[in-house]
Amino acid sequence: MSEMDSSSQKVNQWIDDHHDEIVGFLQELIRIPSVTPWFQPAAEESREADVQTVIGKRMQALGAEVKRWEPNAQELAEYEGRPGYYADHLFEGRPNQAAVLKGSGEGRSMLLTGHVDVVPAGSGWTVEPFSGDRKEGVIYGRGTVDMKGGIAAMVMAVEAVVKAGYRMKGDVTVGTVVDEEAGGMGTLDFVDKGYRADACILTEPTNMKLAPLCRGILWGKLTIPGRSGHIELPQGDWREGGAVDAVALARVFMDHFDRLNADWRVRKVHPYLPIPCQLYIAQVNAGEYPTAFANKVELVFDAQYLPREKDEMGLGGKVKAEIEEFIHQVAMTEPWLREHPPVLEWLIDADCGETPVEHPFVQSVLNDMELSGLPRTIEGACAHTDIGWFETLGIPSVVIGAGNPRLAHQNDEHISEEDLIKLTKLISNVLIHWCEIQ
């Protein structure tokens, strides 16, 4: 047995012996409702800072130097037009945090990162959403998979290596950020403060599959104008003052979006993604009265893009232009819309990133997955994650985490204790082999 194999066994045994402590740490994080303020009334206080305090104390006990600070949109104004920048985001009482455990030297460094904010609980729960209920090997609560389970695993993996009696040669940084659920400004601020590493793991849920890439996400709102009129009466030609049914025009756009998606299903694919990029209508807002044709219709949509489609700013400008031109061409097919063009407003552009599978770090993690008894499965993240900025800065980055990503944002969100422990062991093995130990 090699020294590394012996070290892994010793650390993994520590994790098994402290199973309940690891579960308890996750429950402690879940019981703090750190809902991002973007989704709740401004009068309600965010508790992201309280989560950071719990993480910080645990890392300090291991000898880490912990720094925390509140992002400031004005100080980040130089990033306007770049991923994650929003001039109107506020961060009072919402700190970022970096816990740096210094290595002995001559080892490669590692950044373990994730976000502490969660979306609101919503309705339909069969358990209290912030209780951290534990039933038959499953932990329930808002944020279990997205992504306090991943944060608990990364912190406890560091603790397992240290408590098993080892010191890593390379520095390990546990970076926990705010605001991911509202666009990623926390990560922008984190990299602006100069935090770097030789590799990065983000523990968003992936069903324990290795994701060396994620897709970019665009949110848009298309407002289609009409002209209201009594729905029960004859209207005549719109050029003579007749009504124009915006709902009927919205159906025209929906039909054409189906045609666009058919094209994208061929062109916008990736060998490590299970589904192609598509433009999906998420909201339809229309009408004022039951007896009147709709004066306008708002179609709110979600469209995805691939890392290879990023523009020079690292965002989805090329895909935006493609969608804009497509909408213009559809409008040109309708006489009313030629004179009363629809208005497209972009709401969100969340960036993406990709590290080649051939990169030594990706291969190293795949080897550790095998060592940890996990299949060497590669599957890109279909949703946005925060790896874009790290990849842009030249830091090889992957996403891997416990739990089914489809459970994120759902009622009765949950994670199995078995997967939580598997992720903790995997990260500990990565630290042993990538950072090296003494």
Side-chain angles (χ1 to χ4, degrees), residues 4 6-32 50-68 97-104 107-116 132 134 139 143-144 147-177 195 197 199-203 208 365 368 371-372 400-403 415 417-438:
M4 281 297 186
S6 175
S7 302
S8 293
Q9 285 197 355
K10 186 176 179 181
V11 172
N12 289 347
Q13 186 61 55
W14 187 96
I15 293 170
D16 285 335
D17 293 343
H18 293 79
H19 179 115
D20 286 349
E21 185 177 351
I22 296 169
V23 170
F25 180 51
L26 173 55
Q27 289 176 301
E28 185 178 8
L29 298 180
I30 295 167
R31 288 168 182 156
I32 304 172
D50 294 338
V51 178
Q52 300 285 38
T53 296
V54 171
I55 296 168
K57 287 181 178 178
R58 193 133 202 151
M59 290 299 299
Q60 279 180 324
L62 299 176
E65 179 185 1
V66 178
K67 293 184 179 180
R68 57 192 290 182
Q97 183 168 280
V100 181
L101 185 65
K102 298 293 290 185
S104 60
R108 293 171 294 195
S109 59
M110 172 66 67
L111 170 62
L112 303 171
T113 185
H115 63 89
V116 299
R134 183 182 185 186
I139 309 157
T144 47
M147 57 170 295
K148 291 179 178 178
I151 289 175
M154 69 171 71
V155 172
M156 295 307 298
V158 176
E159 183 165 334
V161 175
V162 174
K163 292 290 183 67
Y166 299 106
R167 183 181 182 188
M168 284 160 283
K169 293 182 179 180
D171 298 348
V172 177
T173 300
V174 173
T176 42
V177 302
Y195 287 97
C200 171
I201 293 179
L202 181 70
T203 53
M208 298 302 291
V365 177
D368 284 315
L371 177 65
S372 304
I400 188 164
I415 190 173
E417 296 179 29
E418 180 182 6
D419 283 352
L420 176 65
I421 297 302
K422 284 181 179 179
L423 180 60
T424 306
K425 289 180 177 179
L426 171 62
I427 296 174
S428 71
N429 284 330
V430 173
L431 293 175
I432 289 170
H433 300 136
W434 180 260
C435 300
E436 301 182 80
I437 58 170
Q438 60 175 179

(Q) Using modelled atom types and a 3.5 Å cut-off, is there a donor and acceptor pairing between side-chain atoms of R108 and backbone atoms of W434? (A) yes
Q. When rounded to the nearest 0.5 angstrom, what is the spacing between NZ in K169 and CD1 in I432?
A. 13.0 Å
**Q.** Heavy-atom closest pair, residues L29 and K148
**A.** O-NZ, 2.9 Å
Q: Can you sort out the partners of F25 under ring pair (Phe, Tyr, Trp, His ring centres under 6.0 Å), two or more places apart, ordered by chain and number?
A: none
Q.
Check whether E417 reaches the backbone of V23 with its side chain - one donor and one acceptor, N or O, closer than 3.5 Å.
A. no
**Q.** Minimum-distance pair of heavy atoms, taken over all atoms of G403 and D419
**A.** N-OD2, 4.1 Å
**Q.** Spatial distance of atom OG1 (T173) from atom OH (Y195) [nearest 0.5 Å]
**A.** 7.5 Å
Q: Give, for atom CG of L112 and atom CG of L202, the distance between the pair rounded to the nearest 0.5 Å.
A: 10.0 Å
Q | Step-by-step side chain to side chain contact (heavy atoms under 4.5 Å, CB included) determination, R134 to D20 | A | CA-CA 11 Å; R134 183 182 185 186; D20 286 349; 2.8 Å; yes
(Q) When you measure from the side chain of D171 to the backbone of K102, do you find a donor-acceptor pair of N or O atoms at a distance under 3.5 Å? (A) no
Q.
Would you compute the distance between atom CG of D368 and atom CD1 of I427 and round it to the nearest 0.5 angstrom?
A. 11.0 Å
Q.
Measuring from atom CG of L426 to atom CE of M208, what distance do you get when rounded to the nearest 0.5 angstrom?
A. 5.0 Å
Q.
According to side-chain hydrogen bond (donor to acceptor under 3.5 Å, both in side chains), who are the partners of K67, at least two apart in sequence or on a separate chain?
A. none
Q: Please lay out, stage by stage, how M154 and I201 fare under the test side chain to side chain contact (heavy atoms under 4.5 Å, CB included).
A: CA-CA 9 Å; M154 69 171 71; I201 293 179; over 6 Å; no
Q | Nearest atoms (heavy-atom pairs only) where L423 meets G150 | A | CD2-CA, 4.0 Å
Which pairs would a plain distance check flag for residues 56-64, meaning a side-chain donor or acceptor within less than 3.5 Å of a matching protein atom at least two apart in sequence or in another chain?
unit_1, atom_1, unit_2, atom_2, d
R58, NE, E159, OE1, 2.8
R58, NH2, E21, OE2, 2.4
R58, NH2, E159, OE2, 3.4

(Q) Looking at K10 and A164, would you say the former's side chain and the latter's main chain have a donor-acceptor pair under 3.5 Å? (A) yes
Q. Hey, does I15 have a side-chain heavy atom less than 4.5 Å from the side chain of M156?
A. no
(Q) Please evaluate residues I415 and L26 with respect to the criterion side chain to side chain contact (heavy atoms under 4.5 Å, CB included), reporting the C-alpha separation (whole Å), side-chain torsions for both, the decisive distance (0.1 Å), and the verdict. (A) CA-CA 10 Å; I415 190 173; L26 173 55; 3.9 Å; yes
Q | Minimum heavy-atom distance I151-G114, with the two atoms named | A | CD1-C, 4.2 Å
(Q) Which heavy atom of L371 sits nearest to which heavy atom of S8, and what is that distance? (A) CD2-OG, 3.8 Å
**Q.** Trace of the side chain to side chain contact (heavy atoms under 4.5 Å, CB included) decision for I32 with V116
**A.** CA-CA 10 Å; I32 304 172; V116 299; over 6 Å; no
Q.
Please report the interatomic distance CZ(R68) to OG1(T176), rounded to the nearest 0.5 Å.
A. 9.0 Å
Q: State, to 0.1 Å, how close A160 and V11 come at their nearest heavy-atom pair, and which atoms those are.
A: CB-CG1, 3.8 Å
